[in-house]
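Below is one structure; the comments refer to it alone.
As the structure is a computational prediction, the values presented were derived from the model and not from experiment.
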Amino acid sequence: MTERYDPQIIERKWQKKWEEQKCFEAEASHDKPKFFGLIEFPYPSGQGLHVGHPRPFTAMDVISRKRRMQGYNVLFPIGYDAFGLPTENYAIKTGIHPAKVTHDNIQRFREQLKRLGYSFDYSREVNTTDPAYYKWTQWIFLKFYEKGLAYKAEIPINFCTSCKVGLANEEVVDGVCERCGGKVIRMIRSQWMLKITEYAQRLIDDLDKVQYLDKIKTQQINWIGRSEGAEVNFQIAGTDDKLLIYTTRADTMFGATYMVVSPEHPVIEKYRDRILNMDEVSDYQKQAALKSDFERGELAKEKTGVEVKGLRAVNPVTKKEIPIWISDYVLMGYGTGAIMAVPAHDTRDYEFAKKFDLPIVEVVAGGDIEKEAFTDCDHGKMINSGFLNGLEVKDAIAAIIDYLEKEGIGKRKINYKLRDWVFSRQRYWGEPIPLVHCDQCGWVPIPEDELPLTLPMLDDFTPTDDGSSCLARAKDWLQTTCPKCGRPAVREADTMPNWAGSSWYFLRYCDAHNNKAFADPEELKYWLPIDWYNGGMEHTTLHLLYSRFWHKFLYDCGLVPTEEPYMKRTSHGMVLGANGEKMSKSRGNVVNPDDYINEFGADAFRMYIMFMGAFDQPIPWNEQGTRGCRKFLDRVWRLQEMISDSEKSSAKIYSSLHGCIKKVSEDIERMKFNTAIAAMMSFVNDVYAEGTLSKEDLHTFLQLLNPFAPHIAEEMNEQLGFEQLHHSSWPEYDEKALIEEQVEYGIQINGKIRARISLPAGISKEEIEKAVLSSEEIVKQVQGRTVRKVIVVKNIVNIVVS
RNA sequence: GCCGCUGUGGUGAAACUGGCAGACACAAGGGACUUAAAAUCCCUCGAUAGAAAUAUCAUAUGGGUUCGAUUCCCAUCGGCGGCACCA
């Protein structure tokens, strides 16, 4: 009689063994084919791991464990993305240094991860806040600077007028400071920018070279937002100045009845003396400054705006004078900050024109502009448009741009919605930007041998009154000398955003302890590209795009061997709280895995997290689920009592096992972990029905179970007397075992199942048709009706009768 | 608002390329074992009608394409993610 299944003992035993034997460290040799599996490294928050973390981790652990058994040299690393706001805010509140908080949090995370039995290579762990790591983050930033891709620009930040702190967008709730409820304004600051827009086209084009889920590609393409259109100059009446606009619908120019400029547009300042209602205009500018771009873009909001009296523009095709308005639905950050408004054919312009009673001129026939804007550009012909009349929209666009170019009024232009990356944060807990400012020499990079530029130890992390980070108060650190001319100079007090460290961490995994380079080129050549990167959909447009951008830049510098970092990208659905809402401390629905591991074991927890639902869909946590999977593992454990003395299992069990091998092997590749587990459950149910199976077949089953529940699988396998599972080869299925002798056909009459008939396998369609039509059941059902058609597909026979 | 995803029993879901809707579980109910409980094992389990065989209805809602639609198309309604300083 075998002992009772006790996961607490078994799991500790195997975790210890794996660590001692260094089972999951990637092999230094480059002889074998490699597999680099990547998960998004966690942010070590103060609450520790919650049940959402293990979902992607377990999935990639399953895949990595399978790859090892398939003979690959596997790199499955782990690290911590540890710079960031929550830790800093915690430090401000408690006075405990963020480095200490980070250290403790990481310690806790690591322990929790180890308890879950992940096959991470802990020897290559990275931590973005470690100076030995961020030395290279700074080094890469200097490369950007060197190549002219890092530059300074005047960009607004959110500033709480009461705390005197720069705020992240997330900290601004309904226009006020999340912490104190104080008024938030937009304050202009000079900030470091990275020119990601220079890579916009390549970031779209090279998606063809990788296997990302289509929805991820689509999301990135839409985010980059390439559009083909034209830039057109509108003369400002009575001046030599022109207002430049960008439009994708140049065909509608004859319908442009007014113009709108963004509240920040420089033309306002320039002509303030000519503007008759400047008081009204500046009031509006002030109001607009309080809103975020997001609020301003919201269509749901009532349109607002003010006519700029005294300033008028000339429509270059109708030659008519038209009014100029300012409104916050036009953003300075996209296009040119000015638009021509064509209310008949643009929804926002239409709404605006209706509200302020501006003229609406229909120029594309086909809609009902009394009711709404007609924006369809695939149907409809031009009207009221001079030489464009009668043309289709597509042709009209080409014709008018040709005309504009010929007349020198405008030109073709490709535009991107993507904006350059604001790279400065007025914060302490980030990588210092390794530049100094010298009155003589301007911005000067610090010499490479002075990297890393480490964060000074402070005890007060609160920002300064003007919104600068607390580094601005660290005078000793701030004051330095210019590396170029030796005169006194000042360091940059802003730090890098959290995204910096996560934009290249996967490269460091290839050679985590190198202190001469961010990684050895030979290691990069072997390990790159990452074979499979799984992460959340929420990272699609920021982290994923930023890291592709950094990688392409490093490729251009000759520092990495591949154009793209990730060959394959998949994503998981979020684990929600039991109430169906996103897990968060403030909602009080955060679930910690520890309780479940203590009660049911890590294997049961891993099984459940993979079984609970479709991997790519969000799913609420269910308290009962882990118990159910524990029940399954108990059943698996008792298979030991069913081992037969004979060498072979019954034909039925053999066939069931090989069906299971096929299903599990294929489903892991498709990330259909839930159905892979269902297949294993079915196999175990079959064995229980049969009452017995061979030792060899149980071993094979344990190989399948091993990626999901590695501790129990190794333990049972050891008791059977086989070598450790992670050294064994992934089983192949026997095709012959899957062939059935009889096939059951579903017989439909006019598309509805009316009968089931079992026929021998491998007979022709004609024979099937004959057999079905002559069967007693069908003869009865079809009686008195005419058979029009018989369709035989797979194991369906549809008889169409009338 | 814009972009992407999504909607199937009491619950989580499955159905791979348009081909037998509800696999596999959870919960619930009934039974066996037990002094009893836990554990375990067996049975029932979409709705309506029926003793049953069976019939009708059913994959958010309304249309469409098709021999056949959970799957494709159009519209409507609800949920989730992202919207550039949360990570």
Any A:Y212 side-chain heavy atom under 4.5 Å of A:T540 side chain: no
Determine, for nucleotides 10-16 of chain B in 5'-to-3' order, which nucleotides have protein heavy atoms under 4.0 Å from the base (write B), from only the sugar-phosphate (write S), or from neither (write -). --BSS-B
Please work out if A:Q191 contacts a base, only the sugar-phosphate, or nothing of the nucleic acid, heavy-atom cut-off 4.0 Å. base
Which residue pairs pass the salt bridge (Lys or Arg N to Asp or Glu O under 4.0 Å) test with at least one member in residues 792-802 of chain A, sequence neighbours excluded? none
Show me the donor-acceptor pairs within less than 3.5 Å that the side chains of residues 671-685 of chain A make with the rest of the protein, sequence neighbours left out.
from   : atom 1 : to     : atom 2 : distance (Å)
A:T675 : OG1    : A:D667 : OD2    : 2.8
A:T675 : OG1    : A:K672 : O      : 3.0
A:S682 : OG     : A:A678 : O      : 3.2
A:N685 : OD1    : A:R635 : NH2    : 2.8

Please check the phosphate of B:C5 (OP1 and OP2 only) for any side-chain N or O of A:K215 closer than 4.0 Å. no
Aromatic ring pairing A:F57/A:H53, orientation class (parallel under 30°, perpendicular over 60°, tilted between): tilted
Requiring both pairing distances under 3.5 angstrom, list the stems that contain RNA chain B and are made of three or more consecutive Watson-Crick or G-U pairs. B:1-7 with B:77-83, B:10-12 with B:24-26, B:28-32 with B:40-44, B:46-49 with B:54-57, B:60-64 with B:72-76
Proximity of A:W550 and A:Y199 rings by center, below 6.0 Å: no
Measuring to OP1 and OP2 of B:C83, would you say a side-chain N or O of A:N222 lies under 4.0 angstrom away? no
If you assign each of A:L576 and A:E170 to its closest nucleotide in RNA chain B, which residue comes earlier from the 5' end? A:L576
Can you figure out which of B:C83, B:C26, B:A87 approaches the side chain of A:Q624 most closely? B:C26
Distance test, side-chain N/O of A:R635 to OP1/OP2 of B:C41, below 4.0 Å: yes
With sugar-phosphate meaning primed atoms plus P, OP1 and OP2, does A:S45 contact a base, only sugar-phosphate, or nothing at under 4.0 Å between heavy atoms? nothing
Does a side-chain N or O from A:R189 land closer than 4.0 Å to OP1 or OP2 of B:C85, or not? no
Can you tabulate the close N/O pairs, meaning under 3.5 Å, that link protein atoms to atoms of nucleotides 61-69 of chain B?
from  : atom 1 : to     : atom 2 : distance (Å)
B:C67 : O2'    : A:N798 : ND2    : 3.3
B:C67 : O2     : A:N798 : ND2    : 2.4

Any A:R4 side-chain N or O less than 4.0 Å from OP1/OP2 of B:U40: no
Using a heavy-atom cut-off of under 4.0 Å over every strand shown, decide if A:R427 touches base, sugar-phosphate, or nothing. nothing
Tell me every residue that passes ring pair (Phe, Tyr, Trp, His ring centres under 6.0 Å) with A:F41, counting only those two or more places apart in sequence or in another chain. A:Y505
With a cut-off of less than 4.0 Å, is there a side-chain N or O of A:Q219 near OP1 or OP2 of B:G82? no
Using a heavy-atom cut-off of 4.0 Å across all strands, would you classify A:K417 as base, sugar-phosphate, or nothing? base
Tell me what A:L542 touches on the nucleic acid: a base, only sugar-phosphate, or nothing, going by heavy atoms under 4.0 Å. base
